[in-house]
Amino acid sequence: MPRYDPRRIETKWQAFWDEHATFVTPNQPPRGSRGKLYVLDMFPYPSGSGLHVGHPEGYTATDIVVRYNRMKGKHVLHPMGWDAFGLPAEQHAIKTGTHPRETTYNNIDTFRRQLKMLGFSYDWSREISTTDEDYYRWTQWIFLQLYDTWFDTDHEWTGPDGVKRKGKGRPISELPIPSDVAAQGTAAVRRYQDSQRLAYQSEAPVNWCPALGTVLANEEVSSEGKSEIGGHPVERRALRQWMLRITAYAERLLSELDPLDWSESIKILQRNWIGKSIGAEVDFLVEESGVRGQESGGSGQRANFAAWKDARANAGYSAAPESNVIRVYTTRPDTLFGATYMVLAPEHPLVATITTADQRAAVEAYRQKSSLKSDLDRTDLAKEKTGVFTGAYAVNPVNGQPLPIWIADYVLISYGTGAIMAVPAHDARDLEFATQFNLPVIEVVSSGNDAVPNIGFTGDGTAINSGEFTGLPTAEFKQKIAVALASQGLGKSAVNYRLRDWLFSRQRYWGEPFPIWHEIDADGKPTGLVRAVAENDLPVTLPDMDDFQPKGTPEPPLAAAPRDWLYMTADDGTRLKRETNSMPQWAGSCWYYLRFCDNKNSQSFIDPAVEKYWMPVDLYIGGAEHAVLHLLYSRFWHKVLFDRGHVSTAEPFQKLVNQGMILGENNEKMSKSRGNVINPDDVVGEYGADALRLYEMFMGPLEQVKPWSMNGVEGVYRFLGRVWRMIADDAADDIVLSPTVQDVPLTTEQERLVHKTIKVVTDDIEKLSFNTAISRMMEFTNEFTGANPRPKSAMETITLLLAPFAPHLAEECWQLLGHNGSLAHHPWPTYDAALLVEDEIEIPVQVNGKLRAKIKVPTAADAAAMQSLAESDETIKAQLAGKTIVKVVAVPGRMVNFVVKG
RNA sequence: GCCGAAGUGGCGGAACUGGCAGACGCGCUGGAUUCAAAAUCCAGUGUCCCCAAAGGACGUGUGGGUUCGAGUCCCUCCUUCGGCACCA
């Protein structure tokens, strides 16, 4: 007795698809193609624990879209691969001695087997792994493009897409060299170029994690100052690092986000991360030390200040302030008259020169203490503000008032100019600090509301105590003061971003080596000059190594590579040593969507014609955890490639959807420690891949977070069984068509249901509303289960509609219904809108907005006809008896409402 | 603190541009089939009033508002989840 047997059906059809290369997609569109469609999943990191149920959620969604569009005649690209560099394999190597390569490729085999088991219609001939030499060769090549590019901020241009832009990445050979630099010779020119490249080296304080033996990006450090991986302590340390100048692209990454078909909340997440703010820079002259504090000192200082202002008025505002000037950034230049003190970040270079002898010890102690803390540590201890007076004073440029200069770690060196003017009356942090240290507070903005005190008011209001500007609304004040400051050479309008440059190097083995040589002198010491590895020497392959133990120093594992890998002598006789850092895991995932288009190309990373045909990605689905970093990084790389003419679109991903996380049955995040992990292998073993796919789509809206339910899986499994029994003969010994399925015409009712189901399922797939599409197919099945005979044409329709969701069962039913081969390319059913219209519909009748009856009316009935039909209904008659009808609202095709009184 | 998303039966969820709240599934109850069970099929299932039916009242986090009519629009507050977090 052939019950619904997913195991038999699924292995049979997976073998069929493999054997017939059903889903292999050539780069040339087939004859009659209705256009291309590139549907992409976020490729997984092949972890040792295998696929979890979160993966198939997004993968099933894209597979439905792909299978549906394939039937609609679209030329679909649907690839899969592996983001396979990364720390876990290396950690595993440290523990067990197994080479990361071996671990990684074993894990990939597991993932591939699991994905094939789920019946996704990937074109497996396009499979890639970021760890393949043939792949990371091009990752290195793209890095060299970044290295070869500088950002020309003011360059105005029109791209191949017809969009006008300001700011462009251009070849380093086109960088103008200032004459004074050129005069100093080749080495100086090279250093100048290096300082402008999108990939540059920097001695930067980084997050060094001794336990992992590596530095981490800010994003890889948790708010408690622990590593995201492993939860180990992280400390600060200055190291030479490779950085990518993503900040150059901040404005483009922001403005070019707007036209994309992404959810507004994801766009907002990216915008917040970029964090654009508009304000002004203002310069403050530092008083000469020792003078202030003496009763007689005032006039001399005023003379200094007056002279400086004169000089500025003549010379104008310059890119770099004099050595006795503090430059601040503020979003509220309108509160300049309310500044009562200034704060420098402890690391600010001016601290050393302005601090008075009296205060030196205290200032040094404070700097020492804060140097040990990371940005994150500082915010952690945010309960009370701390800081130290430097003993020095600055002069407020608008009114000549002296302002004590403090250092405090609530001011960050990494944002703005690393210095602020403090306006305690209108800034919460400054107010807290002023209260703590008893500094004066001057109100300069009126809230305009007696209930809201001016002190502590941080909104827009009206200026008070602000000289000639008094009475101006905040917005107008901001404009006027910016103009006034600029004309006096004391400041200018300015924009800041909270986005920081991307720390791009890691001290790991299992990552892409940098294609970079360091020049070294006779003693083996680096000269500070570097060279790119020649393009035809790529890839720089990972040397074979077997010792992965961290050495407890920031020296990367590759520093212990064989000498013939590490050293070389150039044609010009220069001794060269390889860069021994490696790239972060993000690198490979920044451009994988391009390689899928042309994964076998050995001449270039992608053929331009192929790129033009497939790009951009039409639909990209993946987890919300990548809403910021991965998506921002790959947009950045893509824009550089675009500026350099290697790709034809400015943005890689036209439409983006984030699937919601699947929680455990107890409504908590799935984790081993909570013991609520669902293993896809188990679910498939018991209910089949079709049931798993269907359940994950039926749980709820794709983008929503939702808990797992085994009972729910059971439910859709039962549904699939009903579909099977509707078409196959459950009682027969062989697998044969049910005798109830006959070649008979549809009744009018059945015909309407068939066409309605085609319409709603089609519309729902287009909207990615898979849960409702499934419920419509359930309704259909509930109706036809009771039919005898069951028209064969209706069975064919439901089979085709179900195919994107439960492809194995659908293929089997299709065969039972007498068709040869796969239905994967069979045309999607169409419906006739005229057949959806019913002659008579049931509408609600309300009295005073309350439902009192339901009546049947002809579909075409107008308002008057509906009203008279409603009035003749017995219940409504009774409701209306003895009352006055004030008004009747009758909406054709919808409802009737009597408004009565009495 | 700021930004974003969301609160609907016992549970997951549905409801187009304001127009029958609870589609579909789970769970539960009853029945058929069976020696019995599993599986399957049929029926019922928001809460309350009423012996029951007929009928009625209430009902989409809270409180208010707009409207003939509000889950849907506006304002207030509460809760949960996600992101950022001294960014001047």
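Chain A is the first sequence line, chain B the second, and so forth, proteins listed ahead of strands; every chain is numbered from 1. All values below were derived from every heavy atom in this structure, side-chain atoms included, with hydrogens, water molecules and symmetry-related copies excluded.
- Residue-level contact check: A:T785 touches neither bases nor backbone, having no heavy atom under 4.0 Å from any strand.
- OP1 or OP2 of B:A88 lies within a sub-4.0 Å distance of a side-chain N or O belonging to A:S277.
- Look at A:R718 and you'll find a side-chain N or O under 4.0 angstrom from OP1 or OP2 of B:G27.
- Contact annotation for A:V899: backbone-only contact, meaning every heavy-atom pair under 4.0 Å involves sugar-phosphate atoms and none involves a base.
- Shown for residues 840-847 of chain A: residues whose heavy atoms fall under 4.0 angstrom of RNA chain B, namely A:E842, A:P844, A:Q846.
- Within the 4.0 angstrom heavy-atom criterion, only backbone atoms of the sugar-phosphate kind lie near A:G715; the bases stay farther away.
- Under the Watson-Crick or G-U wobble criterion, with both distances below 3.5 Å, B:C86 has no partner in any strand shown.
- A:N272 and A:R498 are not linked by any side-chain donor-acceptor pair at a separation below 3.5 angstrom, with hydrogens and angles left out of the test.
- The distance between atom CG of A:N897 and atom P of B:G19, rounded to the nearest whole Å, is 14 Å.
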A:D334/A:R332 under salt bridge (charged side-chain N to carboxylate O under 4.0 Å, His left out): CA gap, chis, key distance, verdict: CA-CA 5 Å; A:D334 62 294; A:R332 293 298 300 271; 2.9 Å; yes
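- Residue A:K850 has no polar side-chain atom (N or O) positioned under 4.0 Å from OP1 or OP2 of B:A21.
- For the residue pair A:Y366/A:T390, the side-chain donor-acceptor check at 3.5 Å is not satisfied.
- In this structure, A:Y410 places its OH atom 17 Å from C1' of B:A85, rounding to the nearest Å.
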Before you tell me yes or no, could you show the steps for A:L631 and A:W262 under side-chain contact (heavy atoms from CB on, under 4.5 Å), namely the whole-Å CA-CA distance, both residues' side-chain angles and the distance that decides it to 0.1 Å? CA-CA 11 Å; A:L631 286 166; A:W262 294 18; 4.2 Å; yes
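- Of the C1' atoms belonging to B:G30 and B:G63, the separation is 43 Å, rounded to the nearest Å.
- Between A:V891 and A:N771, the residue whose closest nucleotide on RNA chain B is further toward the 5' end is A:N771.
- Residues A:D501 and A:T247 bring a donor and an acceptor atom of their side chains to less than 3.5 Å of each other.
- Comparing the P positions of B:G18 and B:A70 gives an interatomic distance of 14 Å, to the nearest angstrom.
- Atom OH in A:Y497 sits about 17 Å away from atom C1' in B:A88, given to the nearest Å.
- To the nearest angstrom, P of B:A88 lies 13 Å from NZ of A:K276.
- For the pair A:E57 and A:K706, the salt-bridge criterion is met [side-chain N within less than 4.0 Å of a carboxylate O].
- At a threshold of 4.5 Å between non-hydrogen side-chain atoms, the residues A:M421 and A:I326 do not count as touching.
- In a base pair of the Watson-Crick type (N1 to N3 plus N6-O4 or O6-N4) or a G-U wobble (N1-O2 and O6-N3), with each distance short of 3.5 Å, B:G4 is matched with B:C81.
- When the C1' atom is compared between B:G22 and B:C58, the two are found 15 Å apart, to the nearest whole Å.
- A:D430 and A:Y410 share a donor-acceptor pair across their side chains, judged by distance under 3.5 Å alone.
- A close approach under 4.0 Å does occur between a side-chain nitrogen or oxygen of A:R722 and OP1 or OP2 of B:C41.
- Anti is the conformation of B:G7, whose glycosidic angle sits further than 90° from 0.
- Between the C1' atoms of B:U72 and B:A6, the separation comes to 15 Å (whole Å).
- The closest side-chain donor-acceptor pair between A:E714 and A:Y695, if any, does not fall under 3.5 angstrom.
- Using atom P as the reference point in both B:A38 and B:U29, the two lie 12 Å apart (nearest Å).
- The base of B:C20 sits within donor-acceptor range of the side chain of A:K854, with an N or O pair under 3.5 Å.
- The gap from the C1' atom of B:U79 to that of B:A88 amounts to 33 Å, rounded to the nearest Å.
- The base-pairing partner of B:G46, taking Watson-Crick or G-U wobble contacts with both distances under 3.5 Å, is B:C58.
- When Watson-Crick and G-U wobble pairs are counted only if both distances are under 3.5 Å, B:U66 pairs with no nucleotide at all.
- Ring pair A:F437/A:F433 is tilted by interplanar angle, where 30° to 60° counts as tilted.
- Rounded to a whole Å, the CG atom of A:N272 is 5 Å from the C1' atom of B:C3.
- Donor-acceptor pairing under 3.5 Å is recorded for the side chains of A:T772 and A:S769.
- Inspection of the A:S414 and A:R500 side chains reveals an N or O donor paired with an N or O acceptor under 3.5 Å.
- B:G25 and B:U76 have their C1' atoms separated by 37 Å, with the value rounded to a whole Å.
- Among the protein residues, A:Q879 comes within range of the sugar-phosphate backbone only, with heavy atoms under 4.0 Å from sugar or phosphate atoms but none that close to a base.
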Which atom pairs link the protein and nucleotides 8-12 of chain B when you take only N or O atoms and keep those under 3.5 Å?
unit_1: B:G12; atom_1: O2'; unit_2: A:M699; atom_2: O; d: 2.7

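- Spacing between atom CD of A:E779 and atom P of B:A15 amounts to 12 Å, rounded to whole angstrom units.
- Side-chain to base pairing of A:N711 with B:C26: no donor and acceptor N or O lie closer than 3.5 Å to each other.
- Two residues are said to be in side-chain contact when any heavy atoms from C-beta on lie closer than 4.5 Å; A:I774 and A:D764 fail this criterion.
- Within the 4.0 angstrom heavy-atom criterion, no nucleotide atom of any strand lies near A:R271.
- Among the heavy atoms of the strands lying under 4.0 Å from A:R725 are primed sugar atoms or P, OP1, OP2 only; no base atom is included.
- Taking the C1' atom of each, B:U60 and B:U47 are spaced 14 Å apart, rounded to whole Å.
- Looking at heavy-atom distances under 4.0 Å, A:M895 makes contact with a base.
- Across all strands, A:T772 comes closer than 4.0 Å only to sugar-phosphate atoms, never to a base (heavy-atom distances).
- A:N848 comes within 4.0 angstrom of no nucleic acid atom, judged by non-hydrogen atoms across all strands.
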